[in-house]
Every structure is written in C-alpha cells, then in structure tokens.
Amino acid sequence: MSGEYPYSSEGFFGFGEPGIFRAYGLMHLIPVLIFFAAVVFISRRREQIRNWKHETSFRYGLSFFMFVIEFSYFIWLLYVGDTSGQYLMMSKLPLHLCDLGMICCMYTVITKNQVLFGFNFFVTLFGASLACIIPQTVLSDVSPAYFRYYQFWFEHLVPIFGTVYMMVIHDMRPRYRDLWITSAFLISLLYPSIRLNEAFPGSDYLFLKLDTSLFPADQYIRAAVYTVAIIGIFHLMYLLCRLVTRQETAVSTETVIC
C-alpha cells in the first residue's frame with residue numbers, strides 16, 4: 001500500500017524535524033528509569049504479587065495492553081505513514097525482532113509457555129534492550145510531543161518488563177534447547193528477510209540493510225555474520241542467566257541454613 005495518507009504528518013500523530021530526539025537526554029532516560037523502577041518494585045514485592053488474587057487478571061491486562069500498543073502502530077502507519085519516503089506497508093510487516101518479541105510476549109504472560117518464554121528471553125532481552133540503548137537509530141524525528149515517541153518506548157520496554165516479570169514472579173528460566181529453537185527460527189527468517197528487503201523499498205527486516213560500518217554491506221554476507229553473532233550472543237546470555245540463577249540458589253540455601 002502506498003500513496004497519500006488521510007491525515008497530516010503534523011501534530012501529535014505526526015513527526016517533527018529530523019534530529020529532534022536527543023539520545024541520552026531526559027527524553028531518553030526518563031522512560032528507562034521508569035522501567036527500572038517497575039522492575040525494582042516487582043522484585044521487592046514478589047511474594048505479595050505471587051499471592052495477589054488479581055495476579056492472573058494483571059497478566060491478561062498486560063497482554064491486552066501489548067496488543068493495543070502493537071495494533072496502534074499499524075493503524076498509525078495506515079493513516080499517517082512514516083518518514084521512510086516510500087510509505088509502503090509491505091516494508092512494515094511484523095517481522096522485526098521487537099515485533100516478534102511483542103507478539104510472543106503477549107502469549108507468554110498468559111500461557112506461561114516455556115518455548116515462547118525462551119524466545120522472549122533471547123530475542124526481547126537482546127533486541128528490545130539494544131533498541132532502548134540506541135533509540136536514535138529509529139527515533140530521530142519525534143519527542144514527547146508525538147504519539148510515536150510513547151508507542152516506541154511502550155513497544156520495547158513493556159515486552160522486556162513482561163519477560164522479567166515472568167522470571168521474577170513465576171520463576172521461568174530459559175532452557176538450553178530454547179537457545180537453539182530461537183536461533184533456528186531467526187536464521188530461517190534471514191533469507192525471506194533478504195528477499196523482502198530487495199523487493200520493497202524502505203524495508204530493513206532483521207536490520208540486514210542497516211547503515212553501519214560494523215557489518216558488511218552485502219545482505220548475504222551480513223546474514224552469515226548475523227548467524228554466528230546470534231548463536232554467540234545467545235550463548236553468552238544463557239551462561240549469564242545460569243550464573244545468576246546459581247548465585248540466587250546459593251543465597252537462598254544459605255538463608256535457609258541460617
């Protein structure tokens with residue numbers, strides 16, 4: 001779908017001048033600090049939350065909120081578009097890492113499915129966290145005066161919170177097999193993503209066309225590099241999680257003995 005859009009690109013649902021977003025300033029740090037405050041809260045109140053009679057309803061509400069966040073983005077694209085210059089909906093299919101993580105997290109918090117949780121652990125904690133660290137790669141023309149600013153932070157921080165919530169409150173942890181299931185799924189998406197990127201201007205599925213000197217420009221070579229990077233990074237995440245879990249178990253055992 002391309003062409004003119006019914007609504008203006010100005011105002012709250014539009015976007016401002018390129019460069020209006022200031023990375024590592026207040027508009028960047030405040031959402032991240034609110035997220036960390038929420039994580040500290042559930043960590044300190046984990047037992048109360050576990051026994052809370054509305055805990056299940058809260059998870060369903062969290063899932064619905066994620067659906068609204070994701071759905072609102074595509075409604076916004078249909079009516080306002082973005083600044084890619086192409087205005088092609090085929091370049092905005094929910095095949096990006098954060099979209100996939102959001103969709104999986106919607107079901108994870110409801111079903112407590114281990115495979116979906118494993119996918120979220122590796123994809124969301126890596127992909128969405130990276131987006132929050134360097135949001136300027138996406139947010140260059142919005143500020144707190146624009147809808148896209150809030151949608152971006154909710155889209156990335158809420159799935160991270162949902163994943164951490166399931167770890168803290170429901171003691172879910174990734175399995176080694178989840179690492180390979182997630183890696184295989186992402187690797188299987190590389191070739192279709194290359195074809196989509198070639199077919200539709202403005203597309204950058206799996207960041208295979210991201211303008212960076214860190215990776216080769218050729219999509220096929222970059223896909224091979226991504227394959228090695230994905231497996232390596234996921235192993236590191238898994239080992240760190242195992243280390244933290246062992247330390248938590250040791251502390252719990254010492255507390256019981258004392």
Side-chain angles (χ1 to χ4, degrees), residues 9-46 49 58-77 79-84 92 94 96-109 117 119-169 204 207 210 212 233 237 240:
S9 61
E10 300 176 352
F12 179 73
F13 289 103
F15 23 76
E17 294 295 324
I20 192 174
F21 179 80
R22 293 289 185 269
Y24 312 113
L26 285 178
M27 67 176 68
H28 182 175
L29 297 179
I30 287 177
V32 176
L33 291 175
I34 293 173
F35 163 77
F36 278 112
V39 171
V40 170
F41 176 80
I42 64 172
S43 297
R44 290 179 174 273
R45 303 278 182 167
R46 67 179 69 187
I49 295 174
F58 172 77
R59 287 187 285 109
Y60 274 79
L62 184 63
S63 176
F64 179 72
F65 183 57
M66 284 188 274
F67 169 77
V68 171
I69 295 167
E70 186 72 0
F71 189 67
S72 68
Y73 175 63
F74 292 100
I75 294 296
W76 177 76
L77 285 174
Y79 284 96
V80 180
D82 65 6
T83 55
S84 68
K92 303 297 180 182
H96 298 282
L97 289 181
C98 296
D99 293 315
L100 294 171
M102 172 79 85
I103 294 169
C104 285
C105 197
M106 285 167 48
Y107 290 97
T108 301
V109 297
F117 170 80
F119 183 89
N120 268 108
F121 177 86
F122 293 110
V123 169
T124 299
L125 292 189
F126 171 66
S129 296
L130 185 62
C132 292
I133 294 171
I134 50 173
Q136 64 270 27
T137 58
V138 177
L139 293 184
S140 64
D141 48 19
V142 298
S143 69
Y146 298 95
F147 163 80
R148 174 61 173 150
Y149 171 86
Y150 300 98
Q151 192 279 330
F152 172 88
W153 289 111
F154 281 133
E155 180 183 21
H156 294 86
L157 289 176
V158 173
I160 298 175
F161 175 80
T163 304
V164 173
Y165 181 90
M166 298 308 289
M167 295 177 69
V168 172
I169 305 301
D204 187 14
F207 302 108
L210 183 66
T212 175
I233 291 170
M237 293 175 65
L240 288 174

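When a residue number appears, it is its place in the shown sequence, counting from 1.
Between the side chain of R59 and the backbone N or O of V109 there is at least one donor-acceptor pair closer than 3.5 Å.
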Using a 3.5 Å cut-off and no angle test, enumerate the donor-acceptor pairs between side-chain atoms of residues 61-72 and protein atoms at least two apart in sequence or in another chain.
{"unit_1": "S63", "atom_1": "OG", "unit_2": "M106", "atom_2": "O", "d": "2.7"}
{"unit_1": "S72", "atom_1": "OG", "unit_2": "V68", "atom_2": "O", "d": "3.1"}
{"unit_1": "S72", "atom_1": "OG", "unit_2": "I69", "atom_2": "O", "d": "2.8"}

With a cut-off of 3.5 Å and sequence neighbours excluded, list every side-chain donor-acceptor pair involving residues 122-129.
{"unit_1": "T124", "atom_1": "OG1", "unit_2": "N120", "atom_2": "ND2", "d": "2.7"}
{"unit_1": "S129", "atom_1": "OG", "unit_2": "L125", "atom_2": "O", "d": "2.6"}

Enumerate, atom names and distances included, each donor-acceptor pair closer than 3.5 Å involving a side-chain atom of residues 33-40, sequence neighbours excluded.
none

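Shown here are the side chain to side chain contact (heavy atoms under 4.5 Å, CB included) partners of F207, two or more places apart in sequence or in another chain: D204, L210, Y226. The side chain to side chain contact (heavy atoms under 4.5 Å, CB included) test applied to R45 returns F41, Q48, I49, not counting sequence neighbours. Contacts of H28 classified as side chain to side chain contact (heavy atoms under 4.5 Å, CB included), with partners at least two apart in sequence or in another chain: F21, A23, Y24, V32, P135, W153. For the ring-ring contact (aromatic ring centres under 6.0 Å, His included) test, no residue two or more places apart in sequence or in another chain qualifies with Y107. Checked against side chain to side chain contact (heavy atoms under 4.5 Å, CB included), S143 has the following partners two or more places apart in sequence or in another chain: I20, M27, A145, Y146.
T108 has its side chain out of reach of F119: every pair of non-hydrogen atoms, C-beta onward, lies at least 4.5 Å apart. Looking at heavy atoms from C-beta onward, P94 lies in side-chain contact with F74 at the 4.5 angstrom threshold. Annotation: side chain of M102 is not in contact with side chain of H156 (no heavy-atom distance under 4.5 Å).
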Go through V142 and F152 one step at a time and tell me if the side chain to side chain contact (heavy atoms under 4.5 Å, CB included) criterion holds. CA-CA 10 Å; V142 298; F152 172 88; over 6 Å; no

CA sep, side-chain torsions, deciding dist, call: Y165, F58, ring pair (Phe, Tyr, Trp, His ring centres under 6.0 Å): CA-CA 11 Å; Y165 181 90; F58 172 77; 5.4 Å; yes

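Separating the SG atom in C98 from the CD1 atom in I103 is a distance of 11.5 Å, to the nearest 0.5 Å. Rounded to the nearest 0.5 Å, atoms CE (M237) and CZ (F121) are 4.5 Å apart. To the nearest 0.5 angstrom, I160 atom CD1 is 4.5 Å from C132 atom SG.
Residue F13 forms a ring-ring contact (aromatic ring centres under 6.0 Å, His included) with just one option from Y150, Y73, F147, and that option is F147.
Applying the salt bridge (Lys or Arg N to Asp or Glu O under 4.0 Å) rule to pairs touching residues 121-140 yields nothing, sequence neighbours excluded. Evaluation of the salt bridge (Lys or Arg N to Asp or Glu O under 4.0 Å) test over residues 142-154, restricted to residues two or more places apart or in two chains, returns R148-E155. Listed by first and then second residue, the salt bridge (Lys or Arg N to Asp or Glu O under 4.0 Å) pairs that reach into residues 24-35 come to none, sequence neighbours excluded. Identified under the side-chain hydrogen bond (donor to acceptor under 3.5 Å, both in side chains) test for residues 34-43, with sequence neighbours left out: none.
Counted within 6.0 Å of CG on L240, heavy atoms from surrounding residues, nucleotides or ligands total more than 12; the atom is thus considered enclosed.
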